[in-house]
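Since the structure comes first, as structure tokens, the remarks are kept for the end.
Per chain, numbering begins at 1; letters A, B, ... match sequence-line order.
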Amino acid sequence: MPELPDVEGFRKVLESCVKGRVVQRVEVRDAGVLHGVSARRLREALEGRRFTEPERHGKWLLARTGGPTLVLHFGMTGQLVCARPDDAVEAHDRVLFTVARDRQLRYRDQRKLQGLWLAEEELEVARLLDGQGPDAMAVDRAEFESALAARRGSVKTVLTDQSVLAGLGNLLADEILWRARLRPANRASDLTESDRRRLYTQMRRTLRSAVTAGCVPPRDSWLTGHRDDPDPACPRCGTSLRRSRMAGRGTVWCPRCQPDGA
DNA sequence: AGATATGTTCATCC
DNA sequence: TGGATGAACATATC
């Protein structure tokens with residue numbers, strides 16, 4: 001699930017569910033999601049602290065407290081849900097944060113590919129986010145264009161490289177490239193000035209809608225709405241979509257709308 | 001049984 | 001050094 005729009009949705013969950021509230025109890029049900037911190041230390045560090053304004057960078061989420069910062073990454077299946085303490089605990093609820101008699105934040109994750117970190121100080125936050133490129137939502141046109149121009153790899157690989165641009169995942173990259181009419185395998189450094197401008201514009205538009213939806217919506221008019229069709233057709237021109245694999249990730253594109261570069 | 005899945009990291013080869 | 005590829009991580013579903 002989680003790409004930038006999903007994580008932005010989780011940031012809003014933090015904002016509405018726990019911001020301004022004091023952590024009353026931390027319950028670690030599966031310490032396998034903790035990185036570099038014990039369940040005991042996590043509890044000691046957070047119980048009694050008040051959550052402040054949460055932040056997001058790319059696919060990383062920072063739950064700040066004024067003291068230590070809880071840093072979250074959701075891998076492919078993680079999510080953050082606002083529940084009530086007496087709601088039944090689900091199989092994949094890994095850590096529970098009770099912040100009121102009727103409010104409990106839950107880190108839920110099936111596959112445990114990523115998880116939670118505790119940054120005791122700002123320097124550790126910086127260390128965890130070290131190597132992340134500019135956030136895809138916040139990057140300006142000039143920065144975006146120069147980041148792309150400097151890379152020789154395929155444009156899809158570059159878009160999903162978190163050290164170039166933070167936040168885009170597999171679905172978003174395919175969606176944006178389809179809207180910008182660029183073939184994923186084209187080299188980023190071969191894009192023309194107008195290709196790059198179009199790509200930036202479409203990235204913004206796509207992100208705006210997806211953030212509103214809280215995910216990359218599988219709408220009929222979007223490429224993403226057809227990824228799982230048995231014989232997918234381009235929602236724009238009806239041509240059969242092509243599938244391939246790039247850097248180990250399933251890639252979908254329209255051979256007609258997204259012409260071979262060069 | 002095997003392939004696939006929205007992520008990241010590490011090893012390896014060119 | 002960059003870039004491409006594949007495996008690994010853990011688990012569910014088609």
Side-chain angles (χ1 to χ4, degrees), chain A residues 1-11 29-36 56-61 71-80 90-95 107-117 127-133 135-137 147-178 183-191 203 206-207 209-211 213-219 222-232 241-253:
Chain A
M1 197 201 307
E3 299 184 62
L4 187 155
D6 309 87
V7 181
E8 180 58 20
F10 303 149
R11 193 190 64 75
R29 304 193 55 104
D30 183 344
V33 297
L34 302 185
H35 297 268
R56 178 192 60 72
H57 185 92
K59 300 173 190 170
W60 290 88
L61 189 58
V71 180
L72 307 95
H73 195 292
F74 301 90
M76 295 207 338
T77 51
Q79 52 181 318
L80 218 42
E90 299 201 6
H92 306 301
D93 284 339
R94 311 295 184 181
V95 186
Y107 179 82
R108 183 175 294 169
D109 187 19
Q110 180 184 97
R111 288 171 66 181
K112 300 191 283 185
L113 288 173
Q114 297 293 326
L116 312 181
W117 288 253
R127 202 177 304 140
L128 284 168
L129 297 190
D130 182 44
Q132 293 284 300
D135 183 79
M137 251 333 242
L148 276 185
R151 295 292 173 142
R152 248 161 313 173
S154 70
V155 64
K156 166 150 183 186
T157 314
V158 172
L159 285 181
T160 53
D161 183 338
Q162 304 300 298
S163 69
V164 175
L165 201 59
L168 305 186
N170 198 42
L171 297 190
L172 269 173
D174 282 1
E175 188 70 41
I176 293 164
L177 288 166
W178 174 72
R183 192 166 295 206
N186 289 354
R187 277 159 154 265
S189 54
D190 286 351
L191 299 184
M203 176 178 79
T206 309
L207 280 173
S209 311
V211 164
C215 64
V216 188
R219 276 185 211 134
W222 288 42
L223 183 71
T224 311
H226 302 272
R227 288 185 85 87
D228 300 330
D229 295 356
D231 181 19
L241 294 172
R242 302 284 298 275
R243 289 178 197 285
S244 69
R245 198 155 269 280
M246 294 185 63
R249 323 294 291 144
T251 300
V252 179
W253 81 95

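- Nucleotide B:dT6 holds its P atom 6 Å from the CE atom of A:M76, rounded to whole Å.
- One interatomic measurement links the two molecules: CD1 of A:I176 to P of B:dT6, which rounds to 15 Å at whole-angstrom precision.
- Nearest to the side-chain atoms of A:L113 among the listed nucleotides C:dC9, C:dA12, C:dA4 stands C:dC9.
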**OP:** Go ahead and write out DNA chain B as dot-bracket, 5' to 3': ( ) for pairs within the strand, [ ] for ones crossing earlier pairs, | when the partner sits on another strand, dots for unpaired; Watson-Crick or G-U wobble, both distances under 3.5 Å.
**Re:** .||||.||||||||
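- With C:dG3, C:dA4, B:dT6 as the choices, the nucleotide that has an atom nearest any side-chain atom of A:T157 turns out to be C:dA4.
- Using a distance-only test at 3.5 Å, with no hydrogens or angles considered, no donor-acceptor pair links the side chain of A:E8 to the main chain of A:G58.
- As a whole-Å value, the separation of A:D109 CG from C:dA12 P is 11 Å.
- Here A:G153 lies in heavy-atom contact (under 4.0 Å) with sugar-phosphate atoms only.
- Although no hydrogens or angles enter the test, the distance criterion places a donor-acceptor pair under 3.5 Å between the side chain of A:T77 and the main chain of A:R111.
- The side chain to side chain donor-acceptor pair (under 3.5 Å) contacts involving residues 242-253 of chain A comprise A:K156-A:T251, where partners must be two or more places apart or lie in separate chains.
- Of the C1' atoms belonging to C:dG3 and B:dT6, the separation is 24 Å, rounded to the nearest Å.
- At distances below 3.5 Å, not a single donor-acceptor pair connects side-chain atoms of A:R151 with backbone N or O atoms of A:V164.
- OP1 or OP2 of B:dT8 has at least one side-chain nitrogen or oxygen of A:H73 nearer than 4.0 Å.
- For A:R108 and C:dA12, the CZ to C1' distance is 16 Å, given to the nearest whole Å.
- Residue-level contact check: A:T224 touches neither bases nor backbone, having no heavy atom under 4.0 Å from any strand.
- Distance noted for atom P between C:dG6 and B:dA3: 13 Å (whole Å).
- A gap of 16 Å separates the P atoms of B:dT4 and C:dT5, to the nearest Å.
- Across all strands, A:R111 comes closer than 4.0 Å to base atoms (heavy-atom distances).
- In this structure, CE of A:M246 is placed 13 Å from P of C:dG6, rounded to the nearest angstrom.
- Listed candidates were C:dA12, B:dT4, C:dA4. Nearest to the side chain of A:Q110 is C:dA12.
- Put simply, CZ on A:R227 is 20 Å from P on C:dT13, counting in whole angstrom units.
- The backbone N or O of A:E3 sits less than 3.5 Å from a side-chain atom of A:D6, completing a donor-acceptor pair.
- Between the NZ atom of A:K112 and the P atom of B:dT8 there is a distance of 19 Å, rounded to whole Å.
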**OP:** Could you go through the side chain to side chain contact (heavy atoms under 4.5 Å, CB included) check for A:T206 and A:W222 one step at a time?
**Re:** CA-CA 10 Å; A:T206 309; A:W222 288 42; 3.9 Å; yes
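- Between the side chain of A:D30 and the backbone N or O of A:R94 there is no donor-acceptor pair closer than 3.5 Å.
- Look at CD on A:Q114: it is 5 Å from C1' on B:dT8, rounded to the nearest Å.
- A:F74 has its side chain out of reach of A:Q114: every pair of non-hydrogen atoms, C-beta onward, lies at least 4.5 Å apart.
- Here B:dT8 is the nucleotide among B:dT6, B:dT8, C:dT11 with the atom lying nearest to any side-chain atom of A:K59.
- Residue-level contact check: A:R245 touches the backbone only, with heavy atoms under 4.0 Å from sugar-phosphate atoms and none from bases.
- Within 4.0 Å (heavy atoms only), A:R249 reaches at least one base atom of the nucleic acid.
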